[in-house]
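One structure is given here, and the rest of the page talks about it.
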There are 2 protein chains.
Amino acid sequence: MEIRIGDLAKRSGCEVVTIRYYEKEGLLPKPARSGGNFRLYGDAHIERLQFIRHCRSLDMTLSEIRALLGLRDNPMQDCGEVNTLLEAHIQQVEMRVSALLQLKRHLVDLREKCSGSRSVEACGILQGLGNCNCHGESATNSQTSG
Amino acid sequence: MEIRIGDLAKRSGCEVVTIRYYEKEGLLPKPARSGGNFRLYGDAHIERLQFIRHCRSLDMTLSEIRALLGLRDNPMQDCGEVNTLLEAHIQQVEMRVSALLQLKRHLVDLREKCSGSRSVEACGILQGLGNCNCHGESATNSQTSG
DNA sequence: TAAAAACTCTATAGTAACTATAGAGTCAAG
DNA sequence: CTTGACTCTATAGTTACTATAGAGTTTTTA
Ligand SMILES: [Zn+2]
Ligand SMILES: [Zn+2]
Ligand SMILES: [Zn+2]
Ligand SMILES: [Zn+2]
């Protein structure tokens, strides 16, 4: 039961180019090839790709996923590392959420500063963006982007 | 009162290379140069960079910031567009937060599935990552990354 | 005054996880 | 036998930077 890359893409909800990209990155093993040099995938590939996509839908990085796949490929090990990785990922998500919530409070504050349609020059939003004391004194590099 | 790029970096909490990058991207106008070809900045640059950094700390993209700077540079306009842009940004943040919260519930679910230290092969976490029905039937491409 | 340290310059490549494009080859149907 | 759908490789672009190389400038120090 061998399928081509387009079918694998449909089954996994993953674009064809992305599958080739995962192969290049070493997450998916190189599949067999047909006479015409087309990739041919079997059940193991399908399942592995679904695993990867599931992890991606949980916002894990490819490097985290690589680590999980590595553990999965050595099934005799203790699963403590799996727990550690998951725990670290949960904490990252929590931190990101609280950063975004703080950021949103700030944005909503800013929105209040415009009391209707007037000139850009007088708009409290742009003024608030220019000279702001909401982060403390000087502009800090408290980046939250990722 | 002209300062060099290193001083501007210190004042704005922004790296030197980033300042040059903003110049290349057209967010900061090209400054005057000294005899030795060093960039020389004045008050207008300092204020403009602080504006940019403030917007960045609110997770705005450079393209959003470019739009705001464009409005700021034409002060006679109606400020409706500023409001629209801010509103759209707030909504993006809200969507990202709710996506992350959903994701976190999922991760916490998964964490429950391991009941202590055993082999990777038997670990409920890895099994949960492999065959999961939590998103519905097949893996959907409900990506939340950005 | 000369050497050393600190700063600045340009240009280029790398990061993450893809997406888009060009140009050629393969396969099934009409 | 041609059309269309699919696949192949290789390369460049995306975002907002970061890192590096190699050279020139300014300031500090001996
Ligand atoms: Zn306004
Ligand atoms: Zn602020
Ligand atoms: Zn376990
Ligand atoms: Zn799941």
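Here the structure is a predicted model, which is why all the values come from computation and not from measurement. Below, chains carry the letters A, B, ... as their sequence lines are ordered, and counting in each starts from 1.
Rounded to whole Å, atom C1' of D:dC6 lies 9 Å from atom NZ of A:Lys10. In this structure, the CG atom of A:Leu49 is 11 Å from the P atom of C:dC18, given to the nearest Å. To the nearest angstrom, P of C:dT19 lies 12 Å from CD1 of A:Ile19. A:Tyr21 places its OH atom 15 Å from the C1' atom of C:dA20, with the value rounded to the nearest Å. Rounded to a whole Å, the CD1 atom of A:Ile3 is 17 Å from the C1' atom of C:dC27. Here D:dC8 presents its P atom at 11 Å from CG of A:Leu8, a figure rounded to the nearest Å. When rounded to the nearest whole Å, the span between NZ of B:Lys24 and C1' of C:dA11 equals 9 Å. Following rounding to the nearest Å, B:Ile52 (CD1) and D:dT15 (P) show an atom-to-atom distance of 16 Å.
Closest contact between the side chain of A:Leu62 and the listed nucleotides D:dC17, C:dC18, C:dT8 involves C:dC18. The side chain of B:Arg4 approaches C:dT8 more closely than any other nucleotide in the set C:dT8, D:dC17, D:dC6. Side-chain proximity of A:Ile5 to D:dT7, C:dT19, C:dC18: nearest is D:dT7. Of the candidate nucleotides C:dC18, C:dC9, D:dT7, C:dC9 has the atom nearest to the side chain of B:Arg20. The side chain of B:Val16 has C:dT8 as its nearest neighbour among D:dA16, C:dT8, D:dT7.
Within a 6.0 Å sphere centred on CD of B:Glu94, heavy atoms belonging to other residues, nucleotides or ligands number more than 12. Within a 6.0 Å radius of CD in A:Gln102, no more than 12 heavy atoms belonging to other residues, nucleotides or ligands are found.
For the pair A:Glu47 (side chain) and A:Ala44 (backbone), a donor-acceptor distance under 3.5 Å is absent. A donor-acceptor pair under 3.5 Å links the side-chain atoms of A:Asn83 to the main chain of A:Cys79, judged by distance alone. Within the 3.5 Å criterion, the main-chain N or O of B:Glu25 finds a donor-acceptor partner in the side chain of B:Arg66. Under the 3.5 Å distance criterion, the side-chain polar atoms of B:Thr84 are matched with a main-chain donor or acceptor of B:Gly80.
In this model, the phosphate group of D:dT18 is approached by a side-chain N or O of B:Thr18 to a distance below 4.0 Å at OP1 or OP2. Between B:Tyr22 and D:dA16, a side-chain N or O to OP1/OP2 separation shorter than 4.0 Å is absent.
Heavy-atom distances under 4.0 Å link DNA chain C to A:Gly36, A:Phe38 of residues 30-43 of chain A, given in residue order.
Using a 4.5 Å heavy-atom cutoff, the side chains of B:Leu8 and B:Val16 are not in contact.
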